[in-house]
Visitor: 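Pasting in a structure now, in structure tokens, and then I'll have a few things to ask.
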Amino acid sequence: MSVSAFYIPAVNLMGSGCLQEAASAIESYGFKKALIVTDAPLVKLGMVAQVTELLAKHQVNSVVYDEVKPNPNVDNVEHGLAVLQEHQCDCVISLGGGSPHDCAKAIALVATNGGAITDYEGVDQSAKPQLPLIAINTTAGTASEMTRFCIITDDRRHVKMAIVDKHTTPILSVNDPDLMLGMPAALTAATGMDALTHAIEAYVSTAATPITDACALQAIRLISQYLRSAVSDGSNGEARDRMAYAQFMAGMAFNNASLGYVHAMAHQLGGFYDLPHGVCNAILLPHVQSFNAQVAAPRLRQVAAAMGCDVQDKTDEQGAELCIAAIRKLAADVNIPAGVAELGMQEKDIPTLAENAMKDACGLTNPIQPSFDDVCQLFKQAL
Ligand SMILES: [Fe+2]
């Protein structure tokens, strides 16, 4: 059997009210000045002020960079880095969902390694650990608060760069579901379907291990049980809490087993048309898993069971079909659009999208390697 590594932040705070403990932890690390990387909606919601005031009570000064776009780009990284250098920050705190976390990782990585973020595209291209990063999560989720994955859009090439680097792992992740109560329904649905995609892609990945399998299956169970309630009633504390755990476990799975062609293709849609990551994944997920079923049917049958389907008397192929039907049902129940055409994708762009998807590092662990024509076909089905 091959060797496997398991990456995860050293400390991970979970549960209602854990933000308070996070502030004590940041103080005890001895940091003096933090760069807070976040986005404008969280400033408007008052969450940034809440965090800066809490830090001040713990003798940690902070300066805010709040211009992170939903698909963070190279300019965001450079502007945030300039603020960090100007104020001589000794740590970075990301506050938000995947976008601020990814942008913060890129800033912290370039802060210690030099050069430009484009130098670090690919796997483990950096020489040194990043500046210490604490990630406070407000969505459930990309799991970026606890992974070594960092996705930055290169606007000049219209691609999302996948930076997979052990040095981008935060030192502390914070999942306080109280910070997730205000998340709008559409964002809850998109980020929840992203987490489901992480778990399923990790479970059928060629790099899956018994550890990642356990995390993936439990994440799938919780998402199947709680995502609908989190979407229909955002103030449901139990659903928010369970979804925070679910997305974290899905992160544990894919941070170590990696992903597959859903993400490889979704990154291209997101980069090309500036679309929400979770929605792209949710639309592509059933199509790519139908394709994967030619080799991964036994595993997809297990996913169906975790989603609550009765697979007892079913063959692997029948189980895989139940799995795909259950994914479609969940996506429809949380109001995910049926295809990407209504989001602006055009058939003429498919060859470019497919070519870039085949270069994305996430596709390497898909259970079967598709041809260029296969990828074009999958994009066409998702229209
Ligand atoms: Fe994702």
Side-chain angles (χ1 to χ4, degrees), residues 7-39 42-43 45 47-66 68 72 76-77 80-81 83-85 87-113 126 128-150 163 165-180 244-245 247-248 251-252 255:
Y7 295 101
I8 184 172
V11 183
N12 303 278
L13 297 174
M14 313 285 304
S16 171
C18 74
L19 180 64
Q20 299 292 329
E21 277 184 48
S24 306
I26 295 167
E27 182 182 5
S28 70
Y29 289 133
F31 298 129
K32 296 288 174 238
K33 187 147 203 183
L35 173 72
I36 298 180
V37 179
T38 187
D39 52 27
L42 291 180
V43 175
L45 282 170
M47 225 180 265
V48 177
Q50 186 191 342
V51 169
T52 52
E53 282 162 24
L54 184 62
L55 288 172
K57 276 189 203 153
H58 288 265
Q59 284 73 51
V60 181
N61 292 319
S62 56
V63 52
V64 176
Y65 173 65
D66 62 7
V68 180
N76 286 155
V77 177
L81 183 65
V83 179
L84 179 142
Q85 286 166 340
H87 294 270
Q88 300 183 321
C89 300
D90 55 7
C91 70
V92 180
I93 298 176
S94 55
L95 174 67
S99 315
H101 300 317
D102 282 6
C103 189
K105 287 173 182 174
I107 293 168
L109 194 69
V110 179
T112 54
N113 282 276
S126 72
K128 297 180 213 163
Q130 67 184 357
L131 209 63
L133 170 64
I134 293 105
I136 304 172
N137 202 22
T138 63
T139 70
T142 64
S144 182
E145 82 285 359
M146 54 78 67
T147 68
R148 61 195 165 112
F149 284 67
C150 168
I163 296 146
D165 196 314
K166 59 179 181 288
H167 288 147
T168 66
T169 306
I171 57 167
L172 170 69
S173 81
V174 184
N175 272 287
D176 185 337
D178 294 356
L179 302 179
M180 301 168 186
Y245 274 100
Q247 68 89 30
F248 187 89
M252 289 170 79
N255 196 35

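If you read the sequence from its start, that first residue is 1, and numbering goes on from there.
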Visitor: Of V51, V48, I93, which is the lone residue that meets side-chain contact (heavy atoms from CB on, under 4.5 Å) with V64?
Guide: V48
Visitor: Where the side chain of D165 meets the backbone of S126, is there a donor-acceptor pair that is under 3.5 Å apart?
Guide: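 Checked: pair present.
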Visitor: Could you report the tightest heavy-atom contact between A104 and S94, atom names first, then the distance?
Guide: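 Looks like CB-CB, 3.6 Å.
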Visitor: Which pairs would a plain distance check flag for residues 8-28, meaning a side-chain donor or acceptor within less than 3.5 Å of a matching protein atom at least two apart in sequence or in another chain?
Guide:
from: N12; atom 1: OD1; to: S173; atom 2: OG; distance (Å): 2.8
from: N12; atom 1: ND2; to: P9; atom 2: O; distance (Å): 3.0
from: S16; atom 1: OG; to: D178; atom 2: OD1; distance (Å): 3.0
from: S16; atom 1: OG; to: D178; atom 2: OD2; distance (Å): 3.0
from: E27; atom 1: OE1; to: H58; atom 2: ND1; distance (Å): 2.8
from: S28; atom 1: OG; to: A25; atom 2: O; distance (Å): 2.7

Visitor: To the closest 0.5 Å, what do you measure between CG (D90) and CG (L35)?
Guide: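 Going from CG on D90 over to CG on L35, the span is 11.0 Å.
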Visitor: So does L95 get a backbone contact from the side chain of T38, meaning a donor-acceptor N/O pair under 3.5 Å?
Guide: yes
Visitor: List the atom of V63, the atom of C89, and the distance in Å for their closest heavy-atom pair.
Guide: CG1-SG, 3.5 Å
Visitor: May I have all residue pairs that pass ring-ring contact (aromatic ring centres under 6.0 Å, His included) and include part of residues 11-37, sequence neighbours excluded?
Guide: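 Matches after skipping sequence neighbours: Y29-F31.
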Visitor: For the CD1 atom of I134 and the CG atom of L55, what is their distance to the nearest 0.5 Å?
Guide: 9.0 Å
Visitor: Side-chain atoms of residues 136-148: list all donor-acceptor pairs with protein atoms under 3.5 Å, sequence neighbours left out, distances to 0.1 Å.
Guide:
from: N137; atom 1: OD1; to: H101; atom 2: NE2; distance (Å): 3.1
from: N137; atom 1: ND2; to: T139; atom 2: O; distance (Å): 2.8
from: N137; atom 1: ND2; to: E145; atom 2: OE1; distance (Å): 3.2
from: N137; atom 1: ND2; to: N175; atom 2: OD1; distance (Å): 2.9
from: T138; atom 1: OG1; to: G96; atom 2: O; distance (Å): 3.3
from: T142; atom 1: OG1; to: S144; atom 2: N; distance (Å): 3.1
from: S144; atom 1: OG; to: D102; atom 2: OD1; distance (Å): 2.5
from: S144; atom 1: OG; to: K105; atom 2: NZ; distance (Å): 3.1
from: E145; atom 1: OE2; to: N175; atom 2: ND2; distance (Å): 2.9
from: E145; atom 1: OE2; to: Q247; atom 2: NE2; distance (Å): 2.9
from: T147; atom 1: OG1; to: K105; atom 2: NZ; distance (Å): 3.0
from: T147; atom 1: OG1; to: F149; atom 2: N; distance (Å): 3.3
from: R148; atom 1: NE; to: N255; atom 2: O; distance (Å): 2.9
from: R148; atom 1: NH2; to: N255; atom 2: O; distance (Å): 2.8

Visitor: Should V174 and L179 be marked as a side-chain contact (heavy atoms from CB on, under 4.5 Å) after you check the CA-CA gap, both sets of side-chain angles, and the distance that decides it?
Guide: CA-CA 10 Å; V174 184; L179 302 179; 5.7 Å; no
Visitor: Rounded to the nearest 0.5 Å, how far apart are SG of C91 and CG of L133?
Guide: 9.0 Å
Visitor: How many angstroms lie between OH in Y65 and CG in N76, if you round to the nearest 0.5 Å?
Guide: 4.0 Å
Visitor: What is the distance from atom OG1 of T168 to atom CD1 of I107, rounded to the nearest 0.5 Å?
Guide: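 Rounded to the nearest 0.5 Å, the OG1-CD1 separation comes out at 13.0 Å.
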